[in-house]
> 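Following this message is one structure expressed as structure tokens.
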Amino acid sequence: MSQPRLTAARPEDAGEVLALTRAAFTTLGTLDPPSGVFRETVEQVAAELAAEGGVLAQEPTGDLVGVARLRREGPALWVRRVAVTPRWTGRGIGAQLLRAAEQVAADEGRTQLRLGVRTGLPENIAYWSRRGFRLDADHGFWVELVKPAPLRVPVGTAEAMRALGRRLASVLRGGDLVVLTGGLGAGKTTFVQGLGQGLGVRGPVTSPTFVLARAHAPLGDGPGLVHVDAYRLGSRLEVDDLDLDADLDRTVVVVEWGAGLVEGLADSRLEVCIERFEGPGVADESDAGARRVTVWPVGPRWGVDGLAGIVVGGDDR
């Protein structure tokens, strides 16, 4: 099977959305009380999609294989009626729909994602828990789960990139792991320079490409900084040879090119992705230096509102 493509749900998709959702919910067995999806009409779903939107997963043929509806409530984006056609279950469609919803939340500046799961479906609760959701409220026959949303910031200059790093440093402490990704020349080291300034460590902070790792001692009482370039590391065994976990409890460890290699160092981390970007909010869209930075909080270290405490100032743009 080819991987499905994700598209925005439209009101005219309501009939297919409702049919797929009912088919998926039927496989859950008898629910008490019955799911409201069986009382919905196509007209109601169309109105909901027009007002709030949703995400579709479609085969190249256009056949619908998965859907998630959205709803906004205060700082939260609710992910509702997540449904995958039975022959596509177990193929990561739910995770893809969630990732798309997270992108929507980041674009809108929301700080939380929420969803509801029936108490009598422990496997479903476990599924979402593995994807970062935690229990927030028990409503009897269903529980409310929450996870922090990613933070997305358009950055127009190198100094704005450092300023973002300084602000992120304000919420970091010894034991934190930051996994940094982005293409060559994306501005990863510039971002880490800002982190170093914000942490107040001994500098200068430069790329550790040829030494693999550089340790920067704190100038005050705060944590130190260990800056790693994993570009030339080919396995987790090579990462283990650096003994990063020996430093992690008293320092902030930042790893460039670390995705897929260093996640086992800690049960929580920040995943920072830097992309070249042209669009609204960038000071000069023709500037090759324009970037979009997305920070994904992962794990129990980051609370319900994740990185909401970071104030995004005008110098980011």
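Values in this document were obtained by computation on a predicted structure and should not be read as measured data.
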> With heavy-atom distances below 4.5 Å as the criterion, would you say the side chains of D176 and R301 are in contact?
yes
> For P4 and I93, work out which heavy atoms get closest and say how close.
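For P4 versus I93, the nearest heavy atoms are CG-CD1, 3.3 Å.
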> Hey, are the side chains of P218 and L199 touching, using non-hydrogen atoms and a 4.5 Å cut-off?
no
> Any side-chain heavy atom of V272 sitting closer than 4.5 Å to one from V254?
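Heavy-atom side-chain distance check fails, nothing below 4.5 Å.
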> Would you please name every residue forming a salt bridge (Lys or Arg N to Asp or Glu O under 4.0 Å) with E108, sequence neighbours left out?
R72, R110
> I125 versus V143: any side-chain heavy-atom pair under 4.5 Å?
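Counting from C-beta outward, I125 and V143 do come under 4.5 Å.
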> Within the structure provided, determine whether V67 and T21 are in side-chain contact (heavy-atom separation under 4.5 Å).
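They are in contact (side-chain heavy atoms under 4.5 Å apart), so the answer is yes.
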> Evaluate side-chain contact (heavy atoms from CB on, under 4.5 Å) for Q3 paired with Q96, printing each intermediate quantity in order.
CA-CA 11 Å; Q3 283 299 305; Q96 292 180 46; 3.2 Å; yes
> Would a distance-only check, ignoring hydrogens and angles, find a side-chain to backbone donor-acceptor pair under 3.5 Å from T251 to G175?
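Side chain of T251 to backbone of G175, a donor-acceptor pair under 3.5 Å: no, none is there.
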> Looking only at side chains, do Q58 and T7 share a donor and an acceptor under 3.5 Å apart?
yes
> Validate the cation-pi geometry between R131 and Y127: distance from NZ or CZ to the six-membered ring centre under 6.0 Å, angle to the ring axis within 45°.
yes
> Check for a donor-acceptor pair, side chain of T157 on one end and backbone N or O of A160 on the other, with a separation under 3.5 Å.
yes
> Taking CZ in R134 as the centre, count heavy atoms belonging to other residues, nucleotides or ligands within less than 6.0 Å. Is the count above 12?
yes
> Atom CG of L98 and atom CG of L113: how far apart are they, to the nearest 0.5 Å?
6.5 Å
> Does the plane of the ring in H216 sit parallel, tilted or perpendicular to the ring in H227? Use 30° and 60° as the thresholds.
tilted
> Stepwise, does the side-chain contact (heavy atoms from CB on, under 4.5 Å) test hold for L28 with N124?
CA-CA 10 Å; L28 300 177; N124 287 23; 4.2 Å; yes
> Any luck finding a side-chain donor-acceptor pair between S35 and R118 under 3.5 Å?
no
> So which atom in L225 and which in G196 form the shortest heavy-atom distance, rounded to 0.1 Å?
CD2-CA, 4.1 Å
> Any luck finding a side-chain donor-acceptor pair between T294 and R152 under 3.5 Å?
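There is such a pair (donor and acceptor under 3.5 Å, judged by atom type) between the side chains of T294 and R152.
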> Can you tell whether the side chains of E48 and R71 come within less than 4.0 Å, N to carboxylate O?
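No, no charged N to carboxylate O under 4.0 Å.
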> Given side chains that start at C-beta, do those of L172 and P223 come closer than 4.5 Å, heavy atoms only?
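They are not in contact (no side-chain heavy atoms under 4.5 Å apart), so the answer is no.
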> Minimum heavy-atom separation for L115 to F133, with atom names?
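Shortest heavy-atom separation between L115 and F133 comes out as CD2-CZ, 3.6 Å.
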> Inspect the contact between R69 and E52 and indicate whether a charged nitrogen and a carboxylate oxygen are less than 4.0 angstrom apart.
no
> Treating Ile, Leu, Val, Met, Phe, Trp and Tyr as nodes and any side-chain heavy-atom pair under 4.5 angstrom as an edge, say whether V171 and V304 lie in one connected cluster.
no
> Would you say L18 ends up clustered with L70 if hydrophobic residues are merged whenever their side chains have heavy atoms under 4.5 Å apart, either directly or through other cluster members?
no
> Given 3.5 Å as the limit, does a donor-acceptor pair link the side chain of T119 with the main chain of F141, or not?
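Present.
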> Check L168 against F191 and note the closest heavy-atom contact, atom names and distance.
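Heavy-atom minimum between the residues: CD2-CZ, 3.4 Å.
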> Is it true that R291 and E275 make a salt bridge, defined as a side-chain N closer than 4.0 Å to a carboxylate O?
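No, this pair does not count.
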> Determine the minimum heavy-atom distance between R22 and T26, stating which atoms define it.
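In terms of heavy atoms, the two residues are closest at O-OG1, 2.7 Å.
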> Between D107 and V104, is there a donor-acceptor pair closer than 3.5 Å when you use the side chain of the first and the backbone of the second?
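No, D107 side chain to V104 backbone: no donor-acceptor pair under 3.5 Å.
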> Answer yes or no on whether R80 is positioned over the face of W78, meaning its NZ or CZ is under 6.0 Å from the six-membered ring centre and within 45° of the axis.
no
> Would you compute the distance between atom NZ of K188 and atom CG of D229 and round it to the nearest 0.5 angstrom?
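The CG atom of D229 is 7.5 Å from NZ of K188, to the nearest 0.5 Å.
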> Backbone N or O of Q112 within a donor-acceptor pair of the K147 side chain at under 3.5 Å?
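Looks like no, no N/O pair under 3.5 Å.
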> Output the distance between atom CH2 (W142) and atom CG (L121), rounded to the nearest 0.5 Å.
13.5 Å
> Evaluate the side-chain proximity of V17 to L64: yes if any heavy-atom separation is below 4.5 Å, no if none is.
yes
> Using the side-chain contact (heavy atoms from CB on, under 4.5 Å) rule, take T181 and E271 through it: C-alpha gap first, then chi angles, then the decisive distance, then the call.
CA-CA 8 Å; T181 61; E271 298 178 355; over 6 Å; no
> Looking at E59 and R87, does any basic side-chain N land under 4.0 Å from a carboxylate oxygen?
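Yes, E59 and R87 are salt-bridged.
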> Can you tell me which residue among V178, T206, V205 is in a side-chain contact (heavy atoms from CB on, under 4.5 Å) with V192?
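Between V192 and the candidates, side-chain contact (heavy atoms from CB on, under 4.5 Å) is satisfied uniquely by V205.
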> With a 4.5 Å cut-off on side-chain heavy-atom distances among I, L, V, M, F, W and Y, is there a chain of contacts connecting L135 to V146?
no
> Minimum heavy-atom separation for E102 and W296, please, with both atom names.
OE1-CZ3, 3.3 Å
> Do you reckon L31 sits in the same ILVMFWY cluster as L20, going by side-chain contacts under 4.5 Å, direct or chained?
yes
> Is any side-chain heavy atom of P297 less than 4.5 Å from a side-chain heavy atom of L307?
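Answer yes - side chains close enough.
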> For residues V153 and V295: do they belong to one hydrophobic cluster (side chain heavy atoms under 4.5 Å, members Ile, Leu, Val, Met, Phe, Trp, Tyr)?
yes
> Take a 6.0 Å sphere around CD of E123 and say whether it holds more than 12 heavy atoms from other residues, nucleotides or ligands.
no
> For a side-chain contact (heavy atoms from CB on, under 4.5 Å) check, start with the C-alpha distance between V298 and L270, then their side-chain angles and the critical distance, and finish with the verdict.
CA-CA 6 Å; V298 179; L270 293 180; over 6 Å; no
> Drop me the distance from R166's CZ to R162's CZ, to the nearest 0.5 angstrom.
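Between atom CZ of R166 and atom CZ of R162 there are 8.5 Å.
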> May I ask you to say whether R81 pairs ionically with E40, meaning some side-chain N is under 4.0 Å from a carboxylate O?
yes
